[in-house]
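We name chains A, B, ... by the order of the sequence lines, and we start the count at 1 in each one. All heavy atoms count here, side chains included; hydrogens, waters and symmetry mates do not.
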Number of protein chains: 2
Amino acid sequence: MKTARGRVIAGTFFHAPSLGNVEVLEAALITVDERGTISAVERRDSPAYRRMHAAAAAAGTLETVPSGSYVLPGFVDLHIHAPQYPQLGKALDCPLEEWLARYTFPLEARYADVAFAHKAYHALVSDLAANGTTTAVMYGTIHQAANRVLVDACLEGGLRAFVGKVAMDNPHTCPEYYRDSSSEAALAGTQALIEYVKSRNGDGLVHPVVTPRFIPSCTEATLQGLAAMGRAQGCHFQTHCSESDWQHRYALERYGRSDAESLDWFGLMSERTILAHASLLSPRDMDLVKSRGSAIAHCPLSNVYFSNAVFPLRAALAKGLRVGLGTDISAGPSVSLFDTLRMCIASSRLLEEGVDPDLPPQRRGRKDARIDWRTAFFIATAGGADALGLRTGRFMPGNAFDAMIVDTQAHEGSIRIFDEIDTIEDVLAKILYGASRRNIVAVYVAGRAVA
Amino acid sequence: MKTARGRVIAGTFFHAPSLGNVEVLEAALITVDERGTISAVERRDSPAYRRMHAAAAAAGTLETVPSGSYVLPGFVDLHIHAPQYPQLGKALDCPLEEWLARYTFPLEARYADVAFAHKAYHALVSDLAANGTTTAVMYGTIHQAANRVLVDACLEGGLRAFVGKVAMDNPHTCPEYYRDSSSEAALAGTQALIEYVKSRNGDGLVHPVVTPRFIPSCTEATLQGLAAMGRAQGCHFQTHCSESDWQHRYALERYGRSDAESLDWFGLMSERTILAHASLLSPRDMDLVKSRGSAIAHCPLSNVYFSNAVFPLRAALAKGLRVGLGTDISAGPSVSLFDTLRMCIASSRLLEEGVDPDLPPQRRGRKDARIDWRTAFFIATAGGADALGLRTGRFMPGNAFDAMIVDTQAHEGSIRIFDEIDTIEDVLAKILYGASRRNIVAVYVAGRAVA
């Protein structure tokens with residue numbers, strides 16, 4: 001279907017309306033209005049189903065999802081370094097601080113070249129959408145022109161996005177060839193991108209996000225200034241928090257406070273803040289995050305390479321923290337939240353079981369850490385939407401129709417359903433464990449086809 | 001190209017001729033004879049290159065791999081439970097022994113139905129080949145007719161394969177509805193499949209493999225009888241070894257010996273033995289495996305769910321053990337050795353770093369455990385071939401041309417190359433971290449196209 005706007009969609013829908021719970025809307029009807037908002041969800045056994053189906057068929061607005069295809073909410077990717085996309089799948093063999101200096105800062109510095117930015121950002125936006133991501137929270141670079149290219153690419157691609165000018169002005173940690181020349185420059189650049197986004201954003205798809213790279217990259221004036229700026233203008237914030245032992249120690253040594261406490265002290269921990277990683281948060285840090293209402297972008301693929309530990313997701317959820325998933329392109333080597341969701345499950349199992357076979361079983365792991373596929377599905381969809389305060393991620397009236405259609409029978413896809421043994425919930429499990437890009441046959445943001 | 005037999009292939013080839021070393025044969029020529037064996041490998045700067053290129057062009061036997069496509073050795077998958085393919089991507093939420101009783105034995109018992117076997121086995125063989133696997137080592141079920149269907153599916157599909165009738169006759173651990181009725185039945189069934197494979201196998205593609213499921217499933221008479229049978233007939237063996245705490249303890253309690261020692265005591269540890277998992281092998285067990293010349297099928301995807309620890313691959317390689325990779329379908333949720341190779345890298349990093357953030361860094365992990373992508377690539381190709389004693393996995397004269405062509409530019413694929421920053425080795429890293437089925441545009445076994 002070329003658009004979902006103004007259509008009544010007949011099909012089977014999967015979503016996770018609350019933590020750990022999957023709902024199957026089997027052979028249901030979803031009505032999407034002309035602005036892309038869901039106006040009705042009717043199960044097959046509801047009184048209105050037959051009438052609505054007949055009316056849509058008569059009006060020519062009925063769209064029937066083919067047998068073997070299923071509708072899922074679009075994914076929310078809470079943590080992407082857009083300029084790093086060209087190095088996806090390489091340079092994963094050194095620690096975070098070396099990776100930044102050796103590979104990542106030189107690559108990001110290339111975005112002074114607008115043509116390079118155009119090529120990379122259009123590829124990224126296209127690939128995110130094609131992989132089922134409908135909302136992307138992104139770091140840009142320090143470059144004004146390239147950041148505008150990224151905003152425009154999201155608008156042209158129809159992707160729901162939060163885009164931030166990365167602020168990094170600490171001369172002790174940022175190389176001379178790639179840093180804001182002063183705190184004033186970091187703040188003015190951030191303000192300029194906020195204004196650009198607001199000027200371009202007729203339909204509410206793209207939002208600004210205030211983006212101090214992380215504490216080690218910023219001067220105190222910039223951290224304070226950005227906090228004031230974002231709060232005054234009601235912006236979201238994004239930054240990194242306790243990603244690795246190195247980052248964790250850095251704040252402790254510089255401020256005598258944990259990374260989370262330092263961010264809070266600078267005023268950056270708000271209800272609109274996304275903290276990437278948080279792998280090494282202490283229980284006390286988690287309480288602080290909870291009390292401030294900030295959310296966490298869990299990035300299990302990149303944590304394997306750069307975090308020195310597995311984020312204890314289940315402990316965070318038990319405390320009531322809001323958590324979504326992030327690919328962390330390119331520290332995570334995949335653009336797909338399917339891959340991310342799979343590693344979320346896998347690394348939680350390794351956290352629970354432990355890893356070293358030379359330790360006795362009772363000393364190997366950490367009890368009650370596992371995440372099942374139902375929880376991971378929630379985190380990747382509704383959990384991410386909740387982290388941002390968006391009305392997406394669930395199929396319910398009033399929410400935007402941000403969704404993907406997965407064809408389990410796609411030629412050259414990677415799913416096999418066996419009717420002899422598979423229940424309808426098994427179909428969803430097989431999609432979550434097995435789908436590749438080829439299986440994602442359509443993607444919609446606010447009802448508009450974006451892939 | 002429809003076949004590689006009798007062709008001279010011009011292209012860029014990647015392989016890993018020795019542990020940890022990748023070789024790029026850039027714009028090289030590989031000549032494949034009429035039986036699918038490589039007869040010459042010429043680099044562009046070799047004296048014979050120009051003459052060979054001209055001769056092949058004149059003879060109409062030159063095949064040029066398109067720009068953006070690259071040739072890799074086919075993957076060797078050392079551990080597959082063929083009958084479990086229909087449950088790939090589900091039923092991953094319980095421990096090994098419960099998973100067997102609740103999901104897996106009931107599914108395997110269905111293969112009394114030959115039509116079901118036909119459907120499942122043809123799907124599996126087709127999907128293995130399409131994902132770049134050119135050699136598959138497989139467990140069947142206890143059913144003669146279904147096992148023959150599996151052998152025939154491999155022969156029809158052109159897949160290089162080792163197929164075994166699973167032997168499992170211990171009434172204390174195997175359910176009445178799915179076990180060999182006696183030790184005699186287990187042995188006679190194994191012998192019958194060996195003879196069937198030999199009778200059908202004109203071109204040497206498919207081999208029999210003696211397959212005691214694992215120690216808990218078999219009576220002593222069966223373990224001893226299978227060892228004698230396999231040794232007398234020069235067969236390969238496959239079984240599981242120390243996969244989980246439960247399996248590890250089982251042998252200790254029943255025989256007062258470790259699982260590896262028990263297998264050896266029964267005569268099952270030969271130079272032609274593939275031991276699946278081995279996650280909990282002690283250093284002493286590793287020495288035993290090494291002294292017997294047996295090989296290990298490392299199954300990192302399934303180990304996440306069922307092994308209670310990460311196999312210390314690097315320690316095994318340091319001891320000189322032969323190791324290849326296994327998907328362990330369906331305890332591992334992917335048919336792809338690309339996915340398996342990625343988890344091989346990722347779980348080795350988690351083993352090295354440790355997982356629990358509440359432990360101090362120095363107590364969290366296990367030093368020197370990481371596997372880089374070069375090593376993982378070797379293990380998935382030449383390492384697996386070496387484990388089986390096959391002449392495949394490397395592009396060199398005398399080896400069979402078992403290979404895949406990966407198109408990095410495939411529409412709906414999952415790789416992005418940026419010429420501005422990517423070296424030729426980066427291209428390989430991006431293929432290994434990024435390729436999905438859609439990128440694999442051709443697969444050859446002994447020069448014959450199989451996908």
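- Remark: B:R349 engages A:D93 in a salt bridge, criterion side-chain N to carboxylate O under 4.0 Å.
- With respect to chain B, the highest number of heavy-atom pairs below 4.5 Å among A:R416, A:E352, A:E425 belongs to A:R416.
- Using a 4.5 Å cut-off between heavy atoms, B:A120 contacts chain A through both its backbone and its side chain.
- Taking chain A as the reference chain and counting heavy-atom pairs below 4.5 Å, the highest number among B:I421, B:D426, B:L359, B:D339 is found for B:I421.
- Between B:R366 and A:D358 there is a salt bridge, since at least one side-chain N of the basic residue sits less than 4.0 Å from a carboxylate O of the acidic one.
- Looking at A:S279, the atoms closer than 4.5 Å to chain B (heavy atoms on both sides) all sit in the backbone: N, CA, C or O.
- Using a 4.5 Å cut-off between heavy atoms, A:S348 does not touch chain B at all.
- When heavy atoms are compared at a cutoff of 4.5 Å, B:Q87 approaches chain A by way of both its backbone and its side chain.
- Contacts of A:F311 with chain B are absent, with no heavy-atom separation under 4.5 Å from either backbone or side chain.
- Between B:D356 and A:V310, every side-chain heavy-atom pair lies at or beyond the 4.5 Å cut-off.
- Atom NZ of B:K90 sits about 12.5 Å away from atom CG of A:L428, to the nearest 0.5 Å.
- A:F418 approaches B:A123 most closely through the heavy-atom pair CZ-CB, 4.5 Å.
- Using a distance-only test at 3.5 Å, with no hydrogens or angles considered, a donor-acceptor pair links the side chain of B:R364 to the main chain of A:N308.
- Salt-bridge check for B:E412 with A:R437: failed, with every basic side-chain N at 4.0 Å or more from each acidic carboxylate O.
- Of the two parts of B:S330, neither the backbone nor the side chain holds a non-hydrogen atom closer than 4.5 Å to a non-hydrogen atom of chain A.
- Comparing B:A130, B:G434, B:G413 by heavy-atom pairs within less than 4.5 Å of chain A, the highest count is held by B:G413.
- For A:A346, the parts lying under 4.5 angstrom from a heavy atom of chain B are both the backbone and the side chain.
- Atoms CZ and CG, from B:R370 and A:L92 in turn, are 10.0 Å apart once rounded to the nearest 0.5 Å.
- Contacts with chain A were tallied for B:D372, B:L107, B:D127; B:D127 has the most, counting heavy-atom pairs under 4.5 Å.
- Across all their heavy atoms, B:P357 and A:L351 have their closest contact at CD-CD1, 4.4 Å.
- Per-residue heavy-atom pair counts under 4.5 Å with chain B were compared for A:M343, A:R342, A:E420, and the maximum is reached by A:E420.
- A:Y433 and B:G89 make their closest contact through CD1-O, 3.2 Å (heavy atoms, listed as atom of the first residue, atom of the second, distance).
- The candidate with the highest count of non-hydrogen atom pairs below 4.5 Å against chain A, out of B:L88, B:D245, B:L280, B:I345, is B:D245.
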